[in-house]
Chemist: 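Would you mind keeping the following structure in view while I ask a few things?
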Number of protein chains: 2
Amino acid sequence: MQTLNTTEQQIIEAARKIFMHKGLAGARMQDIADEAGINKAMLHYYYRSKEKLFEIVFWEAIDQLLVRVNAVLAEKMPVEEKIGAAVSHYIITLSDNPYLPLFVLNEIQQNPDRIIQRFVHAPLFPNVQVFMQEIAAAMEQGIFRKVNPPQLMVSIISMCIFPFVAKPLLQAAFTVNDVQFGMMMEERKKFVTDFVMHALQP
Amino acid sequence: MQTLNTTEQQIIEAARKIFMHKGLAGARMQDIADEAGINKAMLHYYYRSKEKLFEIVFWEAIDQLLVRVNAVLAEKMPVEEKIGAAVSHYIITLSDNPYLPLFVLNEIQQNPDRIIQRFVHAPLFPNVQVFMQEIAAAMEQGIFRKVNPPQLMVSIISMCIFPFVAKPLLQAAFTVNDVQFGMMMEERKKFVTDFVMHALQP
DNA sequence: CGCGGAGTTAACCAAATGGTTAAACAAATA
DNA sequence: TATTTGTTTAACCATTTGGTTAACTCCGCG
């Protein structure tokens, strides 16, 4: 997310903002040009087409939402700690990029092939397997209660990501402003970690 | 969701399908007309504009995603049971309408005002308050461990809805087809309920 | 039968949109 | 200074898109 002042970079930043907010179908090339403060022709000069520009923003977002968590899951630490670390990582990342997950999820649904192709070649986050095995091992050792690991995995991810996907709705439902929502997410790190640990108590 | 054979109804059904799959920005009036097997002018004859047609589909979806759960939460039964009932209700509803939540959440983010206006007049699901009070009462009585009720609420909803929001992604990540995904969601009803009950064990 | 109105359609329209082009500009190079 | 090379712009273009119109069909009713 470097902020170089070159036109090339300004375009990417503008594209990121517009695509994230409006999606591929809703974004207008003119919007992006305006946001970047340049002529529309420059977009094509540097990136050929709307689709090409979108792909750059999209894969950058995928990297942020899916790939980077791998590094956290690769660290060497007890499973109990690793759960907390992963939860914190997600909530921190998404607090800085609230629009990220809905954007990614929506575009995947619009065009699943785009991402499925990549999964065929190699799993997008290999360490999730490792993590699930560590959890399974902890269950065998009696550290955790035995539950279905994929369901557990999905649950942890759900509790971290969903609040950001539903942010405007939750804000309306619980009548909280942006600051309060931020505080809620801050306190959510501990809540989710504790909640999961209690649920896994034998 | 009635299937009357009148043109008026055929249009709504077609609009529902197209809008749910492509969203407001991505949907084309021609797509809807084709899906309904009629001339594009008919759409305007019956529903004036794209926006008007969209609003009908949108509020119908809101009703399905947010309002109907109220009935479940209004039923008279012990909290422990009610949690399971709400979870089941959501997973059953969404299994029949997998595109529903992403559609709704996305359109809310695109235009939050649309829904915020409604929340100002009256809460869209008053019984959530009741439910949270029942949970708080159960905590006071020592039936449940004390946790922050809104955080708990958000967590339950997350675990129910998120898998459908991320459906294509989860299917790719865990390599499951539609049938297997359906089974996973079927088994998820029990998983989430148990998971929550264990997490709330004092 | 003929009249009237609801239902339906093909053709049309203006605006928006992704993309192109040719000319202008600026900074380095010879 | 003249030339070249990469950058930037205004104007333009073809297609798409939401929406309109005028004519046509069909059915019930006098």
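Fair warning: this is a prediction, and the values are worked out from it, not measured in the lab. Values below: every heavy atom of this structure, side chains too, minus hydrogens, waters and symmetry copies.
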Chemist: Identify which nucleotide among D:dT8, C:dT20, D:dG19 has an atom closest to any side-chain atom of A:Tyr45, counting heavy atoms from C-beta outward.
Modeler: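 Selected nucleotide: D:dT8.
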
Chemist: Looking at A:Arg48, I'd like to know whether one of its side-chain N or O atoms comes within less than 4.0 Å of OP1 or OP2 on C:dG19.
Modeler: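 No.
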
Chemist: Any side-chain donor paired with an acceptor under 3.5 Å for A:Gln109 and B:Asn106?
Modeler: no

Chemist: At 4.0 Å (heavy atoms only), tell me whether B:Ala27 reaches a base, stays on the sugar-phosphate, or touches nothing.
Modeler: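 Sugar-phosphate only.
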
Chemist: Does atom CE (B:Met197) have a neighbourhood of more than 12 heavy atoms from anything else shown, all under 6.0 Å?
Modeler: yes

Chemist: When the distance from NZ of A:Lys50 to P of D:dT16 is rounded to whole Å, what number comes out?
Modeler: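 So the NZ-P distance, A:Lys50 to D:dT16, works out to 14 Å.
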
Chemist: Of the options C:dT21, C:dT9, C:dT8, whose atoms approach the side-chain atoms of B:Ala41 most closely?
Modeler: C:dT9

Chemist: Mind calculating the distance between CD1 (A:Ile11) and P (C:dG19) to the nearest angstrom?
Modeler: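 Rounding to the nearest Å, CD1 of A:Ile11 and P of C:dG19 are 14 Å apart.
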
Chemist: Would you say NZ of B:Lys189 has more than 12 non-hydrogen atoms from neighbouring residues, nucleotides or ligands within 6.0 angstrom?
Modeler: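 It does: B:Lys189 NZ has more than 12 such atoms within range.
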
Chemist: Send over the distance from B:Gln10 CD to C:dG7 P, rounded to a whole Å.
Modeler: 13 Å

Chemist: What nucleic acid atoms does B:Tyr46 come within less than 4.0 Å of, heavy atoms only: base, sugar-phosphate, or nothing?
Modeler: sugar-phosphate

Chemist: When all nucleic acid strands are considered with a 4.0 Å heavy-atom cut-off, which category describes B:Met42: base, sugar-phosphate, or nothing?
Modeler: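 Base contact.
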
Chemist: Taking only side-chain nitrogens and oxygens of A:Arg28, does any of them come within less than 4.0 Å of OP1 or OP2 of C:dA16?
Modeler: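 False: A:Arg28 side-chain N/O out of range (4.0 Å or more) of C:dA16 OP1/OP2.
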
Chemist: D:dT9, D:dG19, C:dT8: which one has an atom nearest the side-chain heavy atoms of B:Ser49?
Modeler: D:dG19

Chemist: Is there a donor N/O on one and an acceptor N/O on the other, under 3.5 Å, for the side chain of B:Lys40 and the base of D:dG19?
Modeler: yes

Chemist: Tell me whether the count of non-hydrogen atoms from other residues, nucleotides or ligands lying under 6.0 Å of CZ in A:Arg48 goes above 12.
Modeler: no

Chemist: Taking atom P of C:dT20 as reference, at what distance in whole Å does atom CE of A:Met29 sit?
Modeler: 10 Å

Chemist: Applying a 4.0 Å non-hydrogen cut-off, can you work out what B:Ala25 is touching in the nucleic acid: base, sugar-phosphate, or nothing?
Modeler: nothing

Chemist: Would you mind telling me which of C:dT9, D:dT9, D:dT8 lies closest to the side-chain atoms of B:Ile38?
Modeler: C:dT9

Chemist: A:Tyr47 has an atom OH; how far is it from atom P of C:dG19, in whole Å?
Modeler: 15 Å

Chemist: With a cut-off of less than 4.0 Å, is there a side-chain N or O of A:Thr7 near OP1 or OP2 of D:dT8?
Modeler: yes

Chemist: Rounding to an integer number of Å, can you tell me how far B:Leu53 CG sits from D:dT17 P?
Modeler: 16 Å

Chemist: CG of B:Asn39 versus C1' of C:dC12: gap in Å, rounded?
Modeler: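 Whole-Å distance recorded here is 12 Å.
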
Chemist: In terms of ring plane angle, is the pair A:Phe181 and A:Phe164 parallel, tilted or perpendicular, where the classes change at 30° and 60°?
Modeler: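 Rings of A:Phe181 and A:Phe164: perpendicular, as their planes differ by over 60°.
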
Chemist: Does the side chain of B:Glu107 come within less than 4.5 Å of B:Phe54's, by heavy atoms?
Modeler: yes

Chemist: What is the distance, rounded to the nearest whole Å, between atom CD of A:Glu51 and atom C1' of C:dG19?
Modeler: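 The answer, rounded to whole Å, is 14 Å.
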
Chemist: Judged by each residue's nearest nucleotide on DNA chain C, which is more toward the 5′ side, B:Gly37 or A:His44?
Modeler: B:Gly37

